[in-house]
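The next block holds one structure in the form of structure tokens; read it before the comments.
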Amino acid sequence: MTDRRIRVLVAKPGLDGHDRGAKTVASVLRDHGMEVIYTGLHKTPDMIAEIALQEDVDVVGLSILSGAHMALFPRVREELVKRDMGHVLLVGGGIIPEDDRTNLEQDGFAKLFGPGTNTDSIAEYIQAEMKTRWAAEGVDA
Amino acid sequence: MSASPSISTRLLDGQRTALARLISWAENGDARFPSALLEIKQRLGRAARTGITGPPGAGKSTLTNELARHLRTTEKTVGILAVDPSSPITGGALLGDRIRMEDRTTDPGCFIRSMASRGSHGGIARATVDALDVMDAFGFDELIVETVGVGQAEYDVVGAADTVVVVLCPGAGDGVQAMKSGLLEVADVLVVNKSDMPGADRLAKDLAESVHIRTAPAMGKSAVPAWVPPVVSCSAAKDEGIDDVLAAIAQHRAFLIDDLAGHRAIKRANQVRHVVTEHLDEAIWGTAGWTDWVADEVRGGSTAYEAAAAVLAHLVPALPMAGAHGAKEPSV
Ligand SMILES: Nc1nc2c(ncn2[C@@H]2O[C@H](COP(=O)(O)OP(=O)(O)O)[C@@H](O)[C@H]2O)c(=O)[nH]1
Ligand SMILES: [Mg+2]
């Protein structure tokens, strides 16, 4: 009777006031059978990591449009690691230049999605990645 | 297996990651959960458990946040479970209750967990009671569970909480509707939230009257109900009357205290029933393959009742029902 579902935190760090994109992604992930915790705007890295911990999510997805991603994304990762949550699949999206994407992907982020990414492909990426991870975990799922 | 301490040890040590993970095990039906629960059993039963239910938009999440905030000013620690519906089609869920509990996010004396209903229809998830147990063992003083909140009575919350608070607000129905929906039956405390809105006073009067009608001794009988749910007004958004709600909850708890163990045992027995039924359901219709057998019977012209009678004739003698009463059962 095991029923494991992918749990995702969709969070918006920083000050920008646009969460349409984040909400769209949240509902697409839901439609792909995931349990999505959506937190609303203006979350600090500290809050995001704390929510990820309490919710024991498998995935944290960050969305940012203000351009502050290079300041904020690594800090979210730091806060996660500090809480022994470094294992979560960390992804991000928004208006992020190619170079920054490469840098972040070398810095603990699994995947950065640029503007105009097909939302279904985000869901498919997460599903494929979690499938691999759970298979590798074996009984320790 | 490994030298690192077990998850239950880590939980009893106060590690929040262990708390979060054990709740996940409960939700996922992880085979390791029952033995982990056994290891923390000694620490169960200390937390007060309050259920918050009522129609969508009544202010359950906002009120939950306010109750937690007020409890924190008295140094009580608070664990919160917020249940939202899973889609019956995709199984996915959007869990948004904690948006209204934002100021408790980084409070070290609070822990908020969102939970999808995962196919349960009684307002909470199958794993909600397990999750409350884990939070209880972790050491929270107060546990609050917010139900899905569809506007119908969500009876499972009665089994999960010591005290059930039904939250209503002006514009979302009157006393008669509350009676019809069964919400009055599950209420230990009735809250009229949004007292800052027009119509709140009327609703409170209306509800008090409905409660009176419900609990008045029937003609010719003298039985006085032991507990009459009080009607309390508050505004969760304006932080008014929250302490009155807490006082009403405390009063109900004081009323229970003489027989809290008995009260909880009845509820616990109900959980046992759920667990047994769920296992049987899976065993009969899944593992043992009765689904295919029944499909054949029906295809062969049996009515649903004939097929059911045939299944029961096979299965019921196999259940040691008579023996079970006399047999020594393991304690739960
Ligand atoms: N005017 C007023 N609005 C409130 C009050 N409490 C909650 N609300 C609002 O009612 C809406 C629904 O609240 P929420 O807590 O999410 O309700 P739930 O669906 O029952 O959990 C939100 O917009 C709240 O801001 C209150 O006391 N007064
Ligand atoms: Mg709510």
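FYI, side chains are in, hydrogens and waters are out, and symmetry mates aren't considered; it's all heavy atoms of this structure. We name chains A, B, ... by the order of the sequence lines, and we start the count at 1 in each one.
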*Sort B:Arg98 into side chain, backbone, both or neither according to what part of it lies under 4.5 angstrom from a heavy atom of chain A.*
side chain

_chain A contacts, top residue of B:Ser86, B:Ala93, B:Gly96, B:Ala31 (heavy-atom pairs, under 4.5 Å)_ = B:Ala93

*Sub-3.5 Å donor-acceptor pair from the side chain of A:Glu55 to the main-chain atoms of B:Ser114, do we have one?*
yes

_Would you say NE2 of A:His42 has more than 12 non-hydrogen atoms from neighbouring residues, nucleotides or ligands within 6.0 angstrom?_
yes

_What I'd like to find out is whether the side chain of B:Ile23 reaches to under 4.5 Å of the side chain of A:Asp56, using heavy atoms alone._
no

_Is it true that, when you exclude A:Arg133 itself, more than 12 heavy atoms of the residues, nucleotides or ligands shown sit nearer than 6.0 Å to its CZ?_
yes

_Tell me the closest heavy-atom pair linking B:Phe111 and A:Leu53, and the distance in Å._
CE1-CD2, 4.2 Å

*For atom NZ of B:Lys267, decide whether the heavy atoms of other residues, nucleotides or ligands shown that lie under 6.0 angstrom number more than 12.*
yes

_Is the shortest side-chain heavy-atom distance between B:Glu27 and A:Arg5 below 4.5 Å?_
no

_Using heavy-atom distances under 4.5 Å, tell me whether A:Met47 contacts chain B through its side chain, its backbone, both, or neither._
both

_Validation row: A:Arg83, B:Thr17 side chains within 4.5 angstrom (heavy atoms)_ = no

*Greatest number of heavy atom pairs closer than 4.5 Å to chain A - which of B:Thr106, B:Leu95, B:Asp97*: B:Leu95

*When rounded to the nearest 0.5 angstrom, what distance separates OG in B:Ser87 from CD in A:Glu35?*
11.0 Å

*asked:* Quick check on A:Gln54 against chain B: is it the side chain, the backbone, both or neither that has a heavy atom closer than 4.5 Å?
replied: both

*Distance from A:Ile37 atom CD1 to B:Ile99 atom CD1, nearest 0.5 Å?*
11.0 Å

_Greatest number of heavy atom pairs closer than 4.5 Å to chain A - which of B:Gly119, B:Ser24, B:Gly286_ = B:Ser24

*Give a yes or no on whether the backbone of A:Asp3 and the side-chain of B:Arg118 come within a donor-acceptor separation of less than 3.5 Å.*
yes

*Using non-hydrogen atoms and a 4.5 Å limit, figure out which bit of B:Gln15 sits close to chain A: side chain, backbone, both or neither.*
neither

_Residue pair B:Thr105 / A:Ile51, side-chain heavy-atom distance below 4.5 Å_ = yes

_Closest non-hydrogen atom pair between A:Thr39 and B:Glu102, with its separation_ = O-OE1, 4.2 Å

